[in-house]
Amino acid sequence: MTHPMQFGIMSVSDITRDPISGNTPSEAERIAAIVKIATTAEDVGLDVFAIGEHHNPPFFSSSPTTLLSHIAALTETLTVTTSTTLITTNDPVRIAEEYAMLQHLSGGRMDLMLGRGNTAPVYPWFGQDIRAGLPLALENYNLLHRLWREDVVDWEGEYRTPLQGFTSTPRPLDDVPPFVWHGSIRTPEIAEQAAFYGNGYFANNIFWPKGHYKRLIDFYRQRFEHYGHGTTKDAIVGVGGQAFIGKTSQAAKDQFRPYFDSAPVYGHGPSMEDFSDQTPLSVGSVQEVIDKTLTFQQSFGDYQRQLFLMDHAGMPLAMVLDQLELLGGEVVPVLRKELDARRDPESAVVPTHERLVTAKYGDAEPRQPRPNANRGDNVTGASPYQDTDAEFSAVYPA
Amino acid sequence: MTTYRLVVVNAGVSDPSSTKLLADRATARVVSLAESRDATIELTTIDLRALLPELAPAISSQHFGPGFKQAIDALQAADAVIAAAPVYKAGASGLFTSFFQVLDNDLLIGKPVILAATAGTARHALVVDEELRSLFAYLRTLVVPTSLFAATEDWSDKALTKRIDRAAFELVLLMESGFARAVKEESWGHYQHEYGSAGGTELDIDLSSDLMRLATGGSAKPRRPE
């Protein structure tokens, strides 16, 4: 798959009562359903499946790499990713290890999106404090970035015990770090960090009018250029959105309304019509969903990844699968064609593992790290790999 | 001649309502006082009743409809505010407090405000000073010293007119002082803001902050003075 832009779905992993049937799926049912949803996404021609991370009911996705690794094993072309991975309450060392492992097992068909998490009680469960959420996120990413790029890391910060002579294993596939998206909707520091490192920036594009998201996307593009990663067009932008597609406009509205009206977060608030007018939500016919999604490109410029929220608020599996058929079969093919035709040839294409390997090595063979021998004390001495740069040498704590 | 933008927020839900009547009397006094001092008043009235359908999504989802946006824009640009609430069950009406609770914390900083309340009984008389004043202190507004309160019997008492005159004069003096503008121009950065706050006008990004240094691979520890 070498599309310049990817389309896919993102799930929050909520387990919600179906307001029509009154049925609340069990955790087992919902987990089985999400696997079916992900494999169907590939079957209907979508490129990406993203799962959220939560550590409390009514959500099931506490262990995204385990789930994504399973999905990667069941699929062939699908890119698996997160929406989002908590860069605050997870130890960046564990993120480095787990996602590098996922990268190997999926053959590079993965990336990840970082977010902070806004549920205050979750933080202390992991020894953290939401009041320090932003500096924690920024510092943790600074460390994660190095763990995937330096064989041996000495590090000291505010929020984690220092590291001396630490090597995160396995090294990234082909020694090319997983691509990282920084998700944010109102925090300039996160957009700045994405720009500084030349990483991707993702706006969930769910709750507010498009103009709200455009401000930080534009800021990110300018800063991406400022830091010398290319022009504003080379910046890597991802955008969310939610849609419910019907055979007719009225059918879509009738089917989706009970789910909208009782949905967590915005249910029992705005009417579906007002919310559709004022936010990126589209509930309508195939053509209506296409038309509204095309306005995203007009607002944000050419972008590289479009994810839709399709399986929330208690929608039963059969309904979600129908939605995926319509999305993959009728909506996305038109969007690809239309957006390809509008795309500035100088705009970035979405970074896949193959593209990142080519960018790093050209025609040369990628690095394949081979460890030095175990000295007998379960470490490899000052130099973990046979080809480790002599400049980097591990100094262990005394 | 100076023009001041006065925004009146009326939480009375009937028409006519005694709350609206009190707000109108204070407004008329402010307008005539300002004119006698060579200024004109550009008046915007926000009847909160009209925003009721937009209040639920504003509370539940921070989702502001078009009426709310207009109201926020008017308050953001206001030089002074008159805020009037009916008192129900020993407190300002839920509509009134909900409206001010969903606004950005920095929307009204330094703006002069007349607080007014009406009630069916004088037993509610301290609601303005004990409840509303603390809400508006949290919003860091400059509430005039004279609060307005009218129970049924006050409408036939000349003392109410006197208090209206006093409050109006205090408001005009505070508007003339340029206090809010000076705060905005000279001290704005000393208040807490979020990106997009102050009604969507707070869009400056400080690239030299401690957090920005951390975002770009550095440390958030404050730099030592050189």
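From a predicted model like this one, the values you see are computed outputs, not experimental measurements. Residue numbering restarts at 1 for every chain, and letters A, B, ... go by the order of the sequence lines.
Within 6.0 Å of CG on N118(A) lie no more than 12 heavy atoms contributed by other residues, nucleotides or ligands. Around the CZ atom of F126(A), the shell of radius 6.0 Å holds more than 12 heavy atoms that belong to other residues, nucleotides or ligands. Heavy-atom neighbours of R123(B) CZ from other residues, nucleotides or ligands within 6.0 Å: at or below the threshold of 12. Atom CZ of R49(B) is surrounded by 12 or fewer heavy atoms from other residues, nucleotides or ligands within 6.0 Å.
Within the structure, salt bridge (Lys or Arg N to Asp or Glu O under 4.0 Å) contacts touching residues 103-120 of chain B (residues at least two apart or in different chains) do not occur.
In this structure, P188(A) and M212(B) have side chains that are in contact, with non-hydrogen atoms separated by less than 4.5 Å. Looking at E189(A) and I205(B), their side chains never come closer than 4.5 Å, going by heavy atoms from C-beta outward.
The part of L207(B) that comes within reach of chain A is its side chain, from C-beta onward, which places non-hydrogen atoms under 4.5 angstrom from that chain. Heavy-atom distances place the side chain of T279(A), and not its backbone, under 4.5 Å from chain B. Only the side chain of Y197(A) has a heavy atom closer than 4.5 Å to any heavy atom of chain B. Neither the backbone nor the side chain of L55(B) comes within less than 4.5 Å of any heavy atom of chain A.
Scanning residues 175-201 of chain B against chain A with a 4.5 Å heavy-atom cutoff picks out Y195(B), G196(B), G200(B), ordered by number. Against chain B, the residues from residues 129-140 of chain A that qualify, each with a non-hydrogen atom under 4.5 angstrom away, are L134(A), P135(A), L138(A), E139(A) in number order. Of all residues spanning residues 211-224 of chain A, those with a heavy atom less than 4.5 Å away from chain B's heavy atoms are R215(A), L216(A), F219(A), R223(A), arranged by number.
The shortest non-hydrogen separation linking E192(A) to A215(B) is CG-CB, 4.4 Å.
With hydrogens and angles disregarded, a donor-acceptor distance shorter than 3.5 Å links the side chain of N142(A) to the backbone of L214(B).
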